[in-house]
Protein chains: 2
Amino acid sequence: MDLTETQDLPFDVFSKGCPSRGTLEHVTGRWGGLTLGALYEGSFRFNELRRRVDGVSEKMLSQTLHALERDGLVHREAQPTNPPRVDYELTPLGREVAQRLLALIHFMEGRMGEVLAARERYDEARGSR
Amino acid sequence: MDLTETQDLPFDVFSKGCPSRGTLEHVTGRWGGLTLGALYEGSFRFNELRRRVDGVSEKMLSQTLHALERDGLVHREAQPTNPPRVDYELTPLGREVAQRLLALIHFMEGRMGEVLAARERYDEARGSR
DNA sequence: CGGCATCCGCAAGGATACTG
DNA sequence: CAGTATCCTTGCGGATGCCG
(Lines give C-alpha, C1' and ligand atoms only; values in the text may rest on other atoms or scores of the structure.)
Protein backbone atom coordinates (compact mmCIF):
# COMPACT_ATOMS: atom_id res chain seq x y z
CA MET A 1 0.00 0.00 0.00
CA ASP A 2 1.60 3.17 -1.20
CA LEU A 3 0.45 6.07 0.90
CA THR A 4 2.66 8.44 -0.98
CA GLU A 5 0.69 8.21 -4.15
CA THR A 6 -1.78 11.01 -4.62
CA GLN A 7 -4.86 9.17 -5.67
CA ASP A 8 -7.09 10.59 -8.35
CA LEU A 9 -10.18 10.71 -6.19
CA PRO A 10 -12.97 13.22 -6.57
CA PHE A 11 -12.40 14.27 -2.96
CA ASP A 12 -9.11 15.88 -2.01
CA VAL A 13 -8.87 16.98 1.59
CA PHE A 14 -6.01 19.31 0.75
CA SER A 15 -8.29 21.52 -1.30
CA LYS A 16 -10.00 24.29 0.54
CA GLY A 17 -13.58 23.76 -0.53
CA CYS A 18 -13.71 19.98 -0.35
CA PRO A 19 -16.47 18.50 1.85
CA SER A 20 -14.08 15.76 2.94
CA ARG A 21 -12.20 18.31 4.96
CA GLY A 22 -15.33 19.07 6.95
CA THR A 23 -15.95 15.42 7.71
CA LEU A 24 -12.32 14.92 8.61
CA GLU A 25 -12.68 17.72 11.10
CA HIS A 26 -15.72 16.06 12.64
CA VAL A 27 -13.70 12.88 13.02
CA THR A 28 -10.44 14.39 14.21
CA GLY A 29 -11.93 17.35 16.04
CA ARG A 30 -11.39 17.93 19.71
CA TRP A 31 -14.27 15.67 20.81
CA GLY A 32 -15.09 13.74 17.65
CA GLY A 33 -12.06 11.53 17.85
CA LEU A 34 -12.44 10.72 21.52
CA THR A 35 -16.14 10.00 21.05
CA LEU A 36 -15.49 7.58 18.19
CA GLY A 37 -12.76 5.96 20.23
CA ALA A 38 -15.05 5.47 23.20
CA LEU A 39 -17.81 4.03 21.02
CA TYR A 40 -15.41 1.53 19.51
CA GLU A 41 -15.67 -0.41 22.75
CA GLY A 42 -19.40 -0.87 22.51
CA SER A 43 -22.80 0.74 22.76
CA PHE A 44 -23.28 3.47 25.35
CA ARG A 45 -25.92 5.77 26.73
CA PHE A 46 -25.51 9.51 26.70
CA ASN A 47 -24.25 9.97 30.24
CA GLU A 48 -22.10 6.88 30.06
CA LEU A 49 -20.31 8.47 27.14
CA ARG A 50 -19.93 11.70 29.03
CA ARG A 51 -18.10 9.89 31.78
CA ARG A 52 -15.88 8.03 29.33
CA VAL A 53 -14.85 11.10 27.40
CA ASP A 54 -13.35 12.93 30.31
CA GLY A 55 -13.90 16.66 30.17
CA VAL A 56 -16.54 16.90 27.48
CA SER A 57 -19.48 19.14 28.28
CA GLU A 58 -23.07 18.10 27.79
CA LYS A 59 -23.47 20.57 24.98
CA MET A 60 -20.37 19.51 23.08
CA LEU A 61 -21.13 15.82 23.35
CA SER A 62 -24.62 16.39 22.02
CA GLN A 63 -23.31 18.49 19.17
CA THR A 64 -20.56 16.02 18.35
CA LEU A 65 -22.94 13.07 18.30
CA HIS A 66 -25.30 14.89 15.96
CA ALA A 67 -22.51 15.65 13.52
CA LEU A 68 -21.25 12.07 13.55
CA GLU A 69 -24.76 10.70 13.16
CA ARG A 70 -25.36 12.99 10.22
CA ASP A 71 -22.16 11.78 8.57
CA GLY A 72 -23.37 8.20 8.94
CA LEU A 73 -20.68 7.16 11.43
CA VAL A 74 -22.86 6.80 14.53
CA HIS A 75 -26.27 5.21 14.96
CA ARG A 76 -28.73 6.56 17.52
CA GLU A 77 -31.23 4.15 19.03
CA ALA A 78 -33.94 5.80 21.14
CA GLN A 79 -36.51 3.91 23.20
CA PRO A 80 -39.65 5.93 23.97
CA THR A 81 -39.77 4.68 27.54
CA ASN A 82 -39.97 6.73 30.69
CA PRO A 83 -37.40 7.64 31.73
CA PRO A 84 -36.05 7.72 28.18
CA ARG A 85 -33.20 5.47 27.17
CA VAL A 86 -30.97 6.30 24.22
CA ASP A 87 -28.06 4.20 23.03
CA TYR A 88 -25.32 5.21 20.65
CA GLU A 89 -23.21 2.85 18.62
CA LEU A 90 -20.91 2.94 15.62
CA THR A 91 -22.19 2.10 12.16
CA PRO A 92 -20.07 -0.29 10.08
CA LEU A 93 -18.54 2.72 8.36
CA GLY A 94 -17.95 4.37 11.73
CA ARG A 95 -16.16 1.25 12.94
CA GLU A 96 -13.73 1.36 10.07
CA VAL A 97 -13.03 5.03 10.67
CA ALA A 98 -12.62 4.52 14.41
CA GLN A 99 -10.28 1.61 13.84
CA ARG A 100 -7.94 3.77 11.81
CA LEU A 101 -8.22 6.58 14.30
CA LEU A 102 -7.41 4.29 17.20
CA ALA A 103 -4.39 2.98 15.35
CA LEU A 104 -3.14 6.56 15.40
CA ILE A 105 -4.14 7.21 19.01
CA HIS A 106 -2.59 4.07 20.41
CA PHE A 107 0.57 4.67 18.45
CA MET A 108 0.82 8.19 19.85
CA GLU A 109 0.21 6.98 23.38
CA GLY A 110 2.95 4.40 23.00
CA ARG A 111 5.44 7.00 21.79
CA MET A 112 4.67 9.76 24.25
CA GLY A 113 7.98 9.12 25.93
CA GLU A 114 9.81 10.17 22.77
CA VAL A 115 7.53 13.14 22.34
CA LEU A 116 8.09 14.37 25.87
CA ALA A 117 11.84 13.93 25.48
CA ALA A 118 11.76 15.92 22.23
CA ARG A 119 9.91 18.70 24.00
CA GLU A 120 12.48 18.94 26.72
CA ARG A 121 15.27 19.14 24.19
CA TYR A 122 13.39 21.81 22.26
CA ASP A 123 12.56 23.89 25.33
CA GLU A 124 16.07 23.63 26.67
CA ALA A 125 17.65 24.72 23.39
CA ARG A 126 15.44 27.79 23.20
CA GLY A 127 15.51 28.28 26.95
CA SER A 128 12.90 30.86 27.77
CA ARG A 129 11.72 32.88 24.81
CA MET B 1 -4.00 -6.67 16.51
CA ASP B 2 -6.80 -6.06 18.93
CA LEU B 3 -7.64 -2.41 19.02
CA THR B 4 -10.45 -2.98 21.48
CA GLU B 5 -8.14 -3.82 24.29
CA THR B 6 -7.48 -0.96 26.62
CA GLN B 7 -3.76 -1.12 27.04
CA ASP B 8 -2.22 -0.43 30.39
CA LEU B 9 -0.10 2.43 29.21
CA PRO B 10 0.94 5.36 31.34
CA PHE B 11 -0.69 7.68 28.80
CA ASP B 12 -4.43 7.53 28.28
CA VAL B 13 -5.81 10.08 25.86
CA PHE B 14 -9.29 9.69 27.34
CA SER B 15 -8.18 11.24 30.61
CA LYS B 16 -8.50 14.97 30.88
CA GLY B 17 -5.03 15.88 32.06
CA CYS B 18 -3.03 13.53 29.87
CA PRO B 19 -0.32 15.16 27.73
CA SER B 20 -1.06 12.69 24.96
CA ARG B 21 -4.32 14.50 24.37
CA GLY B 22 -2.44 17.68 23.65
CA THR B 23 -0.14 16.01 21.16
CA LEU B 24 -3.07 14.26 19.53
CA GLU B 25 -4.65 17.65 19.04
CA HIS B 26 -1.49 18.99 17.42
CA VAL B 27 -1.58 16.05 15.04
CA THR B 28 -5.28 15.99 14.29
CA GLY B 29 -5.90 19.70 14.64
CA ARG B 30 -7.25 21.82 11.83
CA TRP B 31 -3.84 22.36 10.21
CA GLY B 32 -1.63 19.81 11.90
CA GLY B 33 -3.03 16.88 9.99
CA LEU B 34 -2.86 18.58 6.63
CA THR B 35 0.68 19.75 7.28
CA LEU B 36 1.87 16.27 8.22
CA GLY B 37 0.13 14.91 5.16
CA ALA B 38 1.84 17.39 2.90
CA LEU B 39 5.24 16.70 4.44
CA TYR B 40 4.78 12.98 3.90
CA GLU B 41 5.53 13.60 0.25
CA GLY B 42 8.92 15.09 0.89
CA SER B 43 10.86 18.07 2.13
CA PHE B 44 9.42 21.52 1.54
CA ARG B 45 10.17 25.15 2.11
CA PHE B 46 7.85 27.37 4.09
CA ASN B 47 6.00 28.94 1.19
CA GLU B 48 5.84 25.69 -0.72
CA LEU B 49 4.00 24.23 2.22
CA ARG B 50 1.67 27.18 2.33
CA ARG B 51 0.66 26.50 -1.24
CA ARG B 52 0.17 22.79 -0.63
CA VAL B 53 -1.99 23.24 2.42
CA ASP B 54 -4.70 25.23 0.74
CA GLY B 55 -6.17 27.93 2.95
CA VAL B 56 -3.65 28.01 5.78
CA SER B 57 -2.49 31.43 6.87
CA GLU B 58 1.12 32.29 7.40
CA LYS B 59 0.61 32.60 11.11
CA MET B 60 -1.15 29.29 11.52
CA LEU B 61 1.39 27.40 9.44
CA SER B 62 4.21 28.87 11.47
CA GLN B 63 2.48 28.02 14.72
CA THR B 64 1.63 24.51 13.55
CA LEU B 65 5.19 23.80 12.44
CA HIS B 66 6.56 24.95 15.78
CA ALA B 67 4.21 22.69 17.71
CA LEU B 68 5.08 19.70 15.52
CA GLU B 69 8.78 20.43 15.74
CA ARG B 70 8.56 20.66 19.50
CA ASP B 71 6.78 17.30 19.64
CA GLY B 72 9.62 15.78 17.62
CA LEU B 73 7.54 15.06 14.53
CA VAL B 74 9.05 17.63 12.18
CA HIS B 75 12.66 18.61 11.58
CA ARG B 76 13.56 22.16 10.64
CA GLU B 77 16.66 22.73 8.55
CA ALA B 78 17.69 26.37 8.23
CA GLN B 79 20.49 27.61 6.00
CA PRO B 80 21.92 30.98 7.01
CA THR B 81 22.13 32.17 3.42
CA ASN B 82 20.73 35.34 2.00
CA PRO B 83 17.91 35.18 1.19
CA PRO B 84 17.33 32.55 3.87
CA ARG B 85 16.31 29.04 2.95
CA VAL B 86 14.47 26.81 5.40
CA ASP B 87 13.37 23.26 4.70
CA TYR B 88 10.95 21.18 6.71
CA GLU B 89 10.76 17.42 6.74
CA LEU B 90 9.29 14.67 8.85
CA THR B 91 11.35 12.89 11.48
CA PRO B 92 11.18 9.07 11.53
CA LEU B 93 8.59 9.34 14.30
CA GLY B 94 6.69 11.94 12.31
CA ARG B 95 6.65 9.59 9.31
CA GLU B 96 5.01 6.87 11.31
CA VAL B 97 2.41 9.25 12.67
CA ALA B 98 1.72 10.72 9.23
CA GLN B 99 1.36 7.28 7.74
CA ARG B 100 -1.40 6.37 10.18
CA LEU B 101 -3.04 9.72 9.69
CA LEU B 102 -3.00 9.36 5.92
CA ALA B 103 -4.53 5.92 6.20
CA LEU B 104 -7.44 7.63 7.89
CA ILE B 105 -7.58 10.53 5.46
CA HIS B 106 -7.48 8.39 2.34
CA PHE B 107 -10.09 6.07 3.75
CA MET B 108 -12.40 9.01 4.45
CA GLU B 109 -11.85 10.42 0.98
CA GLY B 110 -12.75 7.08 -0.54
CA ARG B 111 -15.97 6.85 1.45
CA MET B 112 -17.19 10.40 1.04
CA GLY B 113 -19.94 9.13 -1.25
CA GLU B 114 -21.46 7.18 1.62
CA VAL B 115 -21.03 10.11 3.97
CA LEU B 116 -22.76 12.51 1.62
CA ALA B 117 -25.60 10.03 1.10
CA ALA B 118 -26.02 9.64 4.85
CA ARG B 119 -26.24 13.39 5.21
CA GLU B 120 -28.98 13.65 2.65
CA ARG B 121 -30.97 10.94 4.39
CA TYR B 122 -30.47 12.65 7.72
CA ASP B 123 -31.44 16.09 6.47
CA GLU B 124 -34.44 14.79 4.60
CA ALA B 125 -35.76 12.86 7.60
CA ARG B 126 -35.55 15.92 9.82
CA GLY B 127 -36.55 18.17 6.93
CA SER B 128 -36.37 21.75 8.12
CA ARG B 129 -36.32 22.18 11.81
C1' DC C 1 12.28 34.55 1.60
C1' DG C 2 10.89 33.29 6.21
C1' DG C 3 9.26 34.61 9.59
C1' DC C 4 7.46 37.37 14.47
C1' DA C 5 4.45 41.02 16.87
C1' DT C 6 0.12 43.06 17.21
C1' DC C 7 -4.65 43.91 16.83
C1' DC C 8 -9.20 42.23 16.72
C1' DG C 9 -13.65 39.76 15.21
C1' DC C 10 -16.08 35.93 15.74
C1' DA C 11 -17.25 31.36 16.56
C1' DA C 12 -16.10 27.35 19.57
C1' DG C 13 -17.14 25.89 23.68
C1' DG C 14 -18.14 26.06 29.03
C1' DA C 15 -21.70 26.99 32.77
C1' DT C 16 -26.22 27.20 33.98
C1' DA C 17 -31.17 26.71 33.81
C1' DC C 18 -34.95 24.48 32.01
C1' DT C 19 -37.99 20.76 29.46
C1' DG C 20 -40.12 16.13 28.08
C1' DC D 1 -32.31 10.32 31.86
C1' DA D 2 -31.52 12.85 27.70
C1' DG D 3 -31.23 16.43 26.02
C1' DT D 4 -32.35 21.90 24.34
C1' DA D 5 -31.86 26.96 25.16
C1' DT D 6 -29.39 30.80 26.64
C1' DC D 7 -25.69 33.52 28.11
C1' DC D 8 -20.97 34.63 28.24
C1' DT D 9 -16.06 34.04 27.99
C1' DT D 10 -11.96 32.42 25.81
C1' DG D 11 -8.78 31.97 22.37
C1' DC D 12 -8.47 30.51 17.41
C1' DG D 13 -7.21 32.32 13.58
C1' DG D 14 -7.21 36.11 9.79
C1' DA D 15 -5.19 40.68 8.48
C1' DT D 16 -1.65 43.78 8.67
C1' DG D 17 2.90 45.66 9.41
C1' DC D 18 7.74 45.11 10.27
C1' DC D 19 12.42 42.83 10.43
C1' DG D 20 16.84 39.99 9.29
Side-chain angles (χ1 to χ4, degrees), chain A residues 16-17 21-35 38-39 43-71 74-89 122-123 125-129, chain B residues 16-17 21-35 38-39 43-70 74-89 122 125-129:
Chain A
K16 197 158 61 174
R21 190 180 281 191
T23 300
L24 183 69
E25 278 166 19
H26 293 160
V27 171
T28 63
R30 179 140 179 228
W31 303 118
L34 297 177
T35 302
L39 282 173
S43 177
F44 293 102
R45 305 178 62 175
F46 189 83
N47 283 309
E48 284 178 328
L49 270 177
R50 258 199 87 181
R51 261 167 262 128
R52 288 194 152 246
V53 182
D54 193 14
V56 70
S57 71
E58 195 175 335
K59 176 187 170 186
M60 281 301 101
L61 180 58
S62 174
Q63 201 170 102
T64 300
L65 285 170
H66 278 317
L68 294 177
E69 189 194 353
R70 193 169 103 100
D71 286 346
V74 163
H75 176 67
R76 182 179 185 274
E77 186 84 28
Q79 267 124 2
T81 61
N82 192 323
R85 178 190 178 98
V86 181
D87 288 272
Y88 292 91
E89 61 185 349
Y122 183 94
D123 290 344
R126 327 220 129 185
S128 54
R129 180 160 46 96
Chain B
K16 196 158 66 175
R21 191 181 277 193
T23 300
L24 183 68
E25 278 166 20
H26 293 160
V27 171
T28 63
R30 180 143 178 223
W31 303 116
L34 297 176
T35 302
L39 283 173
S43 176
F44 294 102
R45 305 178 61 175
F46 188 83
N47 282 309
E48 283 178 329
L49 271 178
R50 261 198 83 181
R51 263 167 262 125
R52 289 195 153 243
V53 182
D54 192 15
V56 70
S57 72
E58 175 186 298
K59 176 187 171 184
M60 282 301 102
L61 181 59
S62 173
Q63 203 170 101
T64 300
L65 285 169
H66 277 316
L68 294 177
E69 187 193 355
R70 194 169 101 99
V74 163
H75 176 68
R76 181 176 185 275
E77 186 85 27
Q79 265 124 3
T81 60
N82 192 322
R85 178 191 177 98
V86 182
D87 289 271
Y88 292 91
E89 62 186 348
Y122 183 94
R126 328 221 126 184
S128 55
R129 177 166 49 90

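Chain A is the first sequence line, chain B the second, and so forth, proteins listed ahead of strands; every chain is numbered from 1.
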* Structure fact -> Paired with A:Y88, the side chain to side chain donor-acceptor pair (under 3.5 Å) test is passed by just one of A:E69, A:R76, A:E77, namely A:R76
* Asked: What are the residues of residues 48-65 of chain A, sorted by number, that bring a heavy atom to within less than 4.0 Å of DNA chain C?
  -> A:S57, A:K59, A:M60
* Asked: D:dG3 phosphate, OP1 or OP2: any side-chain N/O from A:R76 under 4.0 angstrom?
  -> yes
* Taking any atom under 4.0 angstrom from a heavy atom of chain B, which nucleotides of DNA chain C are the first and last to qualify, 5' to 3'? -> C:dC1 to C:dC7
* To do: Nearest whole angstrom, please: distance from the C1' of D:dA2 to the CZ of A:R45.
  => 9 Å
* Asked: B:R30 has an atom CZ; how far is it from atom C1' of D:dC12, in whole Å?
  -> 9 Å
* Asked: Within 45 degrees of the axis of the six-membered ring of A:F46 and under 6.0 Å from its centre: does A:R50 put its NZ or CZ there?
  -> no
* Asked: For the residue pair B:K16 and A:D54, what are the closest heavy atoms and their distance?
  -> N-OD2, 3.0 Å
* To do: Return no unless some side-chain N or O of A:H66 is found under 4.0 Å from OP1 or OP2 of D:dT4.
  => yes
* Closest non-hydrogen atom pair between B:L49 and B:F44, with its separation -> CG-CB, 3.9 Å
* If only side-chain N and O atoms of A:R85 are considered, is one of them under 4.0 Å from the OP1 or OP2 phosphate oxygen of D:dA2? -> no
* Asked: Rounded to the nearest Å, what distance is computed from the CZ atom of residue A:F44 to the P atom of nucleotide D:dC1?
  -> 16 Å
* Give the minimum heavy-atom separation between B:H26 and B:L68, together with the two atoms involved. => O-CD2, 4.1 Å
* So how far is it from B:R85 CZ to B:R45 CZ, rounded to the nearest 0.5 Å? -> 4.5 Å
* Look up atom CD in A:Q63 and atom OG1 in A:T35, then write down how far apart they are to the nearest 0.5 Å. => 11.5 Å
* Check B:L39 against B:V74 and note the closest heavy-atom contact, atom names and distance. => CD1-CG2, 3.8 Å
